[in-house]
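Chain naming here is simple, since letters A, B, ... match the order of the sequence lines and numbering starts at 1 in each.
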Amino acid sequence: MSNALDVRTVANRYATLLQLCRSRNPTSYPLAQTIHAHMIAFGFKPRGHILNRLIDFYCKSSNIAYARHLFDEIPEPDIVARTTLIAAYSAAGNLKLAREVFGGTPLSMRDTVFYNAMITGYSHNNDGHAAMELFRDMRREAFRPDNFTFTSVLGALALIADQKKQCQQIHGAVLKSGTGFVTSVLNALISVYVKCASSPLESSSSLLGAAKKLFDEMPERDELTWTTIITGYVRNDDLATARGILDGMTEKLEVAWNAMISGYVHRGFIQEALEMFRKMHMMGIRLDEFTYTSVISACANGGLFKHGKQVHAYILRTERKPEPDFSLSVNNALVTLYWKCGKVDEAREIFNAMPVRDFVSWNAILSAYVNVGRIEEAKSFFKEMPERNILSWTVMISGLAQNGFGEEGLKLFNQMRMEGFEPCDYAFAGAITSCAVLGALEHGRQLHAQLVQLGHDSSLSAGNALITMYARCGVVEASNCVFLTMPYLDSVSWNAMIAALGQHGHGLQAIKLFEEMLKEDLVPDRITFLTVLSACSHAGLVKEGRHYFDSMCGFYGITPGEDHYARLIDLLGRAGKFSEAKDVLKSMPFEPGAAIWEALLAGCRIHGNMELGIQAAEQLFELMPQHDGTYVLLSNMYATAGRWNDVAKVRKLMRDRGIKKEPGCSWVEVENKVHVFLVDDTVHHEVQAVYNHLEQLVLEMRKLGYVPDTKFVLHDMENEHKESALSTHSEKLAVVFGLMKLPLGATIRVFKNLRICGDCHNAFKYMSKVVGREIVVRDGKRFHHFRNGECSCGNYW
DNA sequence: GTAGGGTTAG
């Protein structure tokens with residue numbers, strides 16, 4: 001400074017100017033920067049209090065790097081600058097740097113505010129334990145906790161699952177410290193009791209009672225108090241009490257009303273949510289973006305497209321100058337409203353017209369494509385996304401899995417991890433579903449282990465996915481184990497477990513579980529009945545199946561869809577009750593579609609009902625000429641009847657229509673080792689070896705007095721049919737290989753889809769007795785358990 | 001210099 005102006009005077013003036021700026025007022029940050037720019041131009045070096053203020057402003061305007069630069073220039077930064085920096089690093093999610101500043105500060109310099117900042121930092125970054133630890137350190141070093149400390153610590157405590165005792169301890173400490181009447185501290189206490197109550201480990205009523213007592217006895221309540229107690233009851237699913245408190249509230253507090261509305265929406269009380277909205281409007285309570293988004297979401301979930309549009313129109317009429325945040329969240333809700341009401345392309349139009357978009361907007365469109373099965377569009381949209389978060393990945397992974405692209409789903413899951421995203425339980429659920437699609441048991445087991453390691457094992461979505469995965473991979477015992485140990489169950493879990501039992505031929509157990517579900521006052525949905533009907537069909541429980549079909553239509557008032565009828569036809573067809581099946585066909589309110597004809601054809605194949613089978617196949621050829629399943633079923637039906645010329649005709653038809661038969665590939669698992677057999681046009685040498693064993697086995701079987709009914713595998717193996725038989729029966733050969741070559745006592749599981757005809761069903765029964773071990777074999781989505789000459793599906797075949 | 005509530009994407 002070349003002129004004669006006194007440094008102290010200049011400093012005072014700068015300090016006065018900075019007083020005009022307020023660190024909690026974002027609009028003043030540019031002014032503070034301008035003042036700093038002036039200092040630099042003027043050659044003034046800020047120190048002490050002024051420098052601290054500047055560091056604070058740079059932190060707040062999210063230029064932490066520059067704030068750090070200023071901080072590093074100070075020879076001995078004081079406690080205020082350090083505190084500011086810690087708060088800034090924590091807010092930006094950089095705990096490591098915050099921790100560094102914290103650790104580099106000598107004990108003699110520290111104070112309560114300094115500790116408070118670090119405790120809050122941990123709490124904001126979801127590390128409740130570290131925050132508690134620091135709180136203990138602080139008390140050990142004899143720093144007196146104040147209001148801020150308690151509110152932060154209680155916030156941290158709410159992050160820890162098992163914390164009832166600590167709650168009470170801190171409550172005691174609060175009372176001792178004399179802050180027990182401070183509203184902010186009491187709010188935090190109520191909040192933590194309430195959060196505690198919603199933990200599965202605690203009994204909610206006593207903790208909610210403690211919260212309510214504090215609330216009732218409070219000397220003074222502020223807005224936060226009301227919101228906290230109301231959201232507390234909402235979160236604990238006690239909407240009635242929440243509503244009672246809200247109705248007794250004199251303040252016109254929109255935050256509490258919004259919480260109530262969203263509570264109703266989450267619990268599916270659409271009408272109540274809309275009624276609250278109307279009432280708010282009538283009482284002149286401020287409606288804001290939170291209100292609108294919840295109400296639009298209510299309409300989306302209830303399929304009330306017209307109502308949703310009315311709300312939209314109302315917003316456009318009344319909100320003249322919407323803030324950017326406002327229109328962003330409302331538009332996001334609208335996008336969801338449109339696609340959930342079946343208008344995906346309109347949703348996309350809204351999205352395209354949005355001036356600002358965030359993750360929610362992008363993910364909403366992605367889920368729209370995924371949910372309606374427009375998977376190609378979903379894939380290219382996913383690639384287009386400028387940024388992806390964990391949800392984007394999850395939606396895409398489970399979307400791929402649910403549409404049958406298991407391999408792509410798993411690939412994406414791995415890619416997600418490679419890009420540094422820690423998968424959440426939903427992402428795991430997607431990957432596990434991929435394994436279910438692929439029948440990849442070993443991979444599924446690994447994912448299960450990782451799930452446990454990462455502490456996601458109480459997750460509902462992952463648990464449900466595991467039940468299905470184990471069942472689809474042939475290990476229904478594991479499904480049951482998951483089902484029994486899950487802390488929470490929803491109707492999806494029950495449906496999944498009933499399906500698992502049904503798929504494995506345990507029809508009676510499936511029905512028993514279904515009855516248990518009814519006892520728990522859970523309302524069965526259309527999926528539940530699909531599952532129950534399948535279970536009956538697989539176990540041959542014809543009478544029971546009919547009964548449930550009728551009770552679904554009558555008692556539960558569910559209109560049966562084509563899928564329900566298909567299950568019924570399947571049930572009757574597999575039982576050989578063709579005249580009844582024909583009656584159902586006639587009585588149906590719509591023309592039978594492909595699913596129904598396919599079910600009928602499957603029944604005809606089993607029972608050799610050639611006439612009806614051919615008729616069904618003709619319908620299927622018309623409806624979906626490229627569907628290879630029809631050809632296989634028809635050809636198997638002919639083969640069972642020994643009509644080889646007709647088999648040849650079907651094969652020619654396939655060639656003419658360009659339908660490729662997939663190369664045979666099968667795998668067998670014995671004692672956690674998987675053996676894979678490949679059969680292409682040429683016969684793989686391992687299969688040849690199996691074939692030799694098979695011949696031996698048949699000789700053995702004959703010696704033991706077992707004469708295959710007509711053919712089993714042998715008839716196919718003669719002369720010109722030998723090669724094709726080897727490929728179509730490679731799976732069965734693999735089982736034989738497993739039976740003969742591998743150690744005794746282990747269960748043999750075949751994951752590849754075997755199309756089981758009556759003869760091989762008999763043969764498997766026989767073999768299970770001869771070799772004295774359990775054989776689990778997949779047939780479509782179903783499994784057969786052969787043990788001791790019997791099968792889990794009874795004598796249905 | 002530090003704390004605390006409500007929304008939308010699975």
Which listed nucleotide ([options]) is nearest to the side chain of [X]?
X	options	value
A:Thr293	B:dA3, B:dG10, B:dT7	B:dT7
A:Phe148	B:dA3, B:dG10, B:dG1	B:dA3
A:Ala259	B:dG1, B:dA9, B:dG6	B:dG6
A:Val113	B:dA9, B:dG5, B:dT2	B:dT2
A:Ser184	B:dT7, B:dG4, B:dA9	B:dG4
A:Ser329	B:dA3, B:dT8, B:dA9	B:dT8
A:Asn116	B:dG10, B:dT2, B:dG6	B:dT2
A:Thr394	B:dG10, B:dA9, B:dG5	B:dG10
A:Asn258	B:dG10, B:dG6, B:dG5	B:dG6
A:Thr120	B:dG1, B:dA3, B:dG10	B:dA3

Among [options], find the one that has a side chain to side chain donor-acceptor pair (under 3.5 Å) with [X].
X	options	answer
A:Asn187	A:Thr228, A:Thr151, A:Asp222	A:Asp222
A:Tyr58	A:His36, A:Arg68, A:His69, A:Gln33	A:His36
A:Tyr122	A:His129, A:Glu133, A:Arg99	A:Arg99

Which part of the nucleic acid, if any, lies within contact of [X], taking any heavy atom under 4.0 Å across all strands shown: a base, the sugar-phosphate backbone alone, or nothing?
X	value
A:Ile86	nothing
A:Trp339	sugar-phosphate
A:Asp111	base
A:Leu253	base
A:Arg53	sugar-phosphate
A:His124	sugar-phosphate
A:Thr228	nothing
A:Asn301	nothing
A:Asp358	nothing

Would you say [X] places a side-chain N or O within less than 4.0 Å of OP1 or OP2 belonging to [N]?
X	N	value
A:Ser262	B:dT7	yes
A:Lys60	B:dT2	yes
A:Arg235	B:dG5	no
A:His266	B:dG6	no

Provide, to the nearest angstrom, the distance between the [atom1] atom belonging to [X] and the [atom2] atom belonging to [N].
X	N	atom1	atom2	result
A:Asp288	B:dT8	CG	C1'	13 Å
A:Arg82	B:dG1	CZ	C1'	13 Å
A:Ile261	B:dG6	CD1	C1'	10 Å
A:Trp393	B:dG10	CH2	P	19 Å
A:Leu328	B:dT8	CG	C1'	9 Å
A:Arg144	B:dT2	CZ	P	22 Å
A:Trp362	B:dG10	CH2	C1'	18 Å
A:Met385	B:dA9	CE	C1'	9 Å

Proximity of [X] and [Y] rings by center, below 6.0 Å:
X	Y	value
A:Phe114	A:Phe143	no
A:Phe382	A:Trp393	yes
A:Tyr115	A:Phe135	no

Electrostatic pair A:Asp345-A:Arg374, nearest N-O below 4.0 angstrom: yes
Is A:Lys212 paired with A:Asp216 through a side-chain N to carboxylate O contact shorter than 4.0 Å? yes
Sorted by chain and residue number, the salt bridge (Lys or Arg N to Asp or Glu O under 4.0 Å) partners of A:Lys60 (sequence neighbours excluded) come out as A:Asp56
Residues 396-405 of chain A vs side-chain hydrogen bond (donor to acceptor under 3.5 Å, both in side chains), sequence neighbours excluded, gives none
Quiz item: Can you find a donor-acceptor pair, distance only, under 3.5 Å between A:Thr84 side chain and B:dG1 base?
Solution: no
Residues in residues 421-430 of chain A with a heavy atom under 4.0 Å of DNA chain B, by number, are A:Cys424, A:Tyr426
